Q: 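If you scroll down you'll find the structure; I have some questions about it.
This one's a predicted model, so the numbers in the text were calculated from it and none came from an experiment.
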Amino acid sequence: MINVKEATDKAKEYLISFFPDAENLQLEEVEQSKDKAHWLVTVSYEGVSNSVASSLLVGKTVLYKIFKIDAENGDVVSMKFRNIK
């Protein structure tokens, strides 16, 4: 069983493996699923938006990803874009 710190580290490592240019990673939220089988970790970072127009106008923007991490073995089960409004 992994603890919250290990789950958070795993999420950040996974994000960097897909987005090596991500900067200023910040932990935003951590929650354990009701059945305690997964950690849900939200990480924000500065990166280039997928929208070309947005990127040209403002450059880097703050983006959010939510990771579902297996609480038993630490495997990342999913990584999703999280829309914060």
Q: Please tell me whether S44 and Q26 have a donor and an acceptor in their side chains that are separated by less than 3.5 angstrom.
A: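 On atom types as modelled, these side chains do not qualify, holding no pair under 3.5 Å.
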Q: Do V41 and I66 have side chains that approach each other closer than 4.5 Å (heavy atoms only, starting at C-beta)?
A: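 Of all side-chain heavy-atom pairs linking I66 with V41, none is under 4.5 Å.
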Q: Would you find a donor on one side and an acceptor on the other, under 3.5 Å apart, between the side chain of T42 and the backbone of E28?
A: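 The answer is no, because no donor-acceptor pair under 3.5 Å joins these two groups.
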Q: Would you say the side chain of E6 lies within less than 4.5 Å of the side chain of N3, judging by non-hydrogen atoms?
A: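 Yes, at least one pair of side-chain atoms sits under 4.5 Å.
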Q: Taking the side chain as every heavy atom from C-beta outward, state whether I2 and N73 have any pair of such atoms under 4.5 Å apart.
A: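 A side-chain contact is absent here, since even the closest heavy-atom pair is not under 4.5 Å.
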Q: Supply the atom-to-atom distance K68 NZ to H38 NE2, rounded to the nearest 0.5 angstrom.
A: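 Taking NZ in K68 and NE2 in H38, the distance rounds to 4.5 Å.
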Q: What is the distance from atom CZ of F67 to atom NZ of K12, rounded to the nearest 0.5 Å?
A: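 Atom-to-atom, F67:CZ and K12:NZ are 10.5 Å apart.
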Q: How long is the gap from CG on L40 to CD on Q32, to the nearest 0.5 Å?
A: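 Nearest 0.5 Å value for the CG-CD distance: 9.0 Å.
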Q: Would a distance-only check, ignoring hydrogens and angles, find a side-chain to backbone donor-acceptor pair under 3.5 Å from D75 to V77?
A: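 Such a contact is absent between D75 side chain and V77 backbone.
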Q: Whether the side chain of E13 engages the backbone of K10 through a donor-acceptor N/O pair (distance < 3.5 Å, no angle test) should be reported.
A: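 Looks like no, no N/O pair under 3.5 Å.
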Q: May I ask you to test the F18-K65 pair for a side-chain heavy-atom distance under 4.5 Å?
A: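 They are not in contact (no side-chain heavy atoms under 4.5 Å apart), so the answer is no.
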Q: Under a single-linkage definition using a 4.5 Å side-chain heavy-atom cutoff for Ile, Leu, Val, Met, Phe, Trp and Tyr, are F81 and L27 assigned to the same hydrophobic cluster?
A: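 Same cluster.
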Q: As an exercise, state the distance from OH of Y45 to CZ of F19, rounded to the nearest 0.5 Å.
A: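 Spacing of OH (Y45) from CZ (F19) equals 4.5 Å.
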Q: Please round to the nearest 0.5 Å and tell me the distance separating atom CG of L15 and atom CG of L63.
A: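 Going from the CG atom of L15 to the CG atom of L63 covers 9.0 Å.
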Q: Within the 4.5 Å heavy-atom criterion, are V4 and W39 side-chain neighbours or not?
A: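 Counting from C-beta outward, V4 and W39 do come under 4.5 Å.
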Q: What distance separates S33 OG from I69 CD1, expressed to the nearest 0.5 Å?
A: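 It is 11.5 Å, given to the nearest 0.5 Å.
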